[in-house]
Amino acid sequence: MEMIETGEATAILPAGNHHSPVKVFGTEAIRATFDELCLQQAINSRTAPGVTQVVLNPDAHCGYGAPIGCVLASPTHVYPGPVGYDIKCSMSLLQTDLPADAVSTREIRRELIHAICRRIPTGMGKGARDVPKSRKVDEKLGAAAMCEGASSDVLAKLGIPTSWAERCEDAFHRGHDDSVDSLRQRLYELRQGRVFNKFRERVQQLGSYGGGNHFGECEVVDVVDQPEARATAEVFGLRDGHVAFLSHCGSRGIGHRLATGQFRALEAKFDQWGIPYPGNDKQLVHAPLGTPEADAYLDDMALGANFATVNHLLINQLVLEAFQEVIPGTQGTLVYFISHNIARQEIVDNRPTWVHRKGATRAFPAGHHALRQTPFADTGHPILLPGNPQAGSSVMVASEGARESCYSVNHGAGRMLGRRRAIKELDQKTVDDSFTDADILTNCRRYPKDEAPAAYKDFDEVLRSVEKAGLATEVARLRARFVIKDASDADD
DNA sequence: ATGTCC
């Protein structure tokens, strides 16, 4: 499969006579990292029923059905695969009023790590938090979070500032008919079935990090030293030289359960009806809008997405409380919460369209109609891109050119080595020493090798691709001071 | 990513 270069950081991938090509964003060095299967997945997605546009971002690599790092737009169909198993996997950023000096000693950072880990568990199946009984998530509150998302009621019950809802890309997701009641009804039905048991344990994962590439990271904010970036940073609420906290997490077991149920149900329908899978790939099952199957998927996606939203907001509140325990009087406020695994209804080419972002981040620039009622109408909203602890992470803002990429950018650096290969080829001591040398503390006795910076693409080259393609510009770089990660695989 | 096989 040949990509045809169209600019310094843009190319197209032909998808056949009847289809517009896949739009590819990335410098030549980055495009060389795309393997054949990743490109095949992009073509399968582009030629699938009802799909009008596919975009491939610089962090693209093989995913389930569609590449991770792609956008799939359809005005007529929904695709569970191009949303993925971790429904509404997202980034959030908390800005504190602490100067960088406040976390300069290793002792303080160790205390912060402990205070955070006590409140926020990581990894598989874990959800019981060290919090007062009055704030324990019961089935009723869990169900409310799933149906209402970040409603004032849910936030108040969890002790989260209700104003943080304004800092969410989407504070809530409604059901297929735009109602909350359809979600309540759907959740009731799901809880009747055996596929959705152990509900109490599942909802107790509210306020927990997952495993794998999920993390919490204490940062120092370096605002880009240019007038425009400084002005944008001020609107975002970023404070140069101050401590911030970046989180990457999703909808935990709840979203996984919902996604798995949908894949199975839709596969059964396809097999029953003898419908071919696009590119012969079961992970590209889909449903035409307006069918009971599409309605059920949209409802389940919304239930998972709402859980992810409340999970992130609770994590941010718990992180703030951990800081306040160690450094009394710390103030903090949410900069933004934005997803990279979600389908949203947006206007594309004057048509309401379901834009599926799979490992891709929404990028609306200044003046975009959908930002009119938000604090970011005149700047564009914050784009939160995790890089790696050593290269840093980035806060960006979309440029006008983002229209070309379906108003999307990448969602991070993108994996370079597969997990298995990283574990086999990287040296544990080299990985651990690289953190010590950079004076970055972690909660892990041994940092998971498959999550080492060396397992990911060169973040600066990825950012260069985004800027050169005219999609977005950097507002601030985030420098890691300590990292919270699930280390179950690293212990021996 | 994930009650890593209901």
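Throughout, protein chains are lettered first and strands after them, A, B, ... in sequence-line order, and every chain is numbered starting at 1.
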Rounded to the nearest angstrom, tell me the gap between atom [atom1] in [X] and atom [atom2] in [N].
X        : N     : atom1 : atom2 : value
A:Phe196 : B:dT2 : CZ    : C1'   : 13 Å
A:Phe263 : B:dC6 : CZ    : C1'   : 18 Å
A:Leu190 : B:dG3 : CG    : C1'   : 16 Å
A:Arg264 : B:dC5 : CZ    : P     : 10 Å
A:Tyr85  : B:dT4 : OH    : P     : 13 Å
A:Lys198 : B:dC6 : NZ    : C1'   : 11 Å
A:His248 : B:dT2 : NE2   : C1'   : 14 Å
A:Asp450 : B:dT4 : CG    : P     : 18 Å

**Message:** Which label fits A:His312 and A:Phe337: parallel for a plane angle under 30°, tilted from 30 to 60°, or perpendicular past 60°?
**Reply:** tilted

Identify whether any heavy atom of [X] sits under 4.0 Å from a base atom; if not, whether one sits that close to sugar-phosphate; answer base, sugar-phosphate or nothing.
X        : value
A:Asn197 : base
A:Gly210 : sugar-phosphate
A:Gly255 : nothing

**Asked** Taking it one step at a time, do A:Glu267 and A:Arg264 satisfy salt bridge (Lys or Arg N to Asp or Glu O under 4.0 Å)?
**Response** CA-CA 5 Å; A:Glu267 272 178 34; A:Arg264 288 200 184 130; over 6 Å; no

If only side-chain N and O atoms of [X] are considered, is one of them under 4.0 Å from the OP1 or OP2 phosphate oxygen of [N]?
X        : N     : answer
A:Gln205 : B:dG3 : yes
A:Arg257 : B:dG3 : no
A:Arg202 : B:dG3 : yes

**Message:** Under a 4.0 Å threshold between the charged nitrogen and the carboxylate oxygen, would A:Arg362 count as salt-bridged to A:Glu346?
**Reply:** no

**Asked** Would A:Val462 and A:Tyr456 count as a side chain to side chain contact (heavy atoms under 4.5 Å, CB included) if you check the C-alpha gap in whole Å, the side-chain angles of each, and the deciding distance to 0.1 Å?
**Response** CA-CA 11 Å; A:Val462 168; A:Tyr456 286 88; over 6 Å; no

**Prompt:** With no hydrogens and no angle check, do the side chains of A:Gln41 and A:Tyr64 hold a donor and an acceptor under 3.5 Å apart?
**Reply:** no

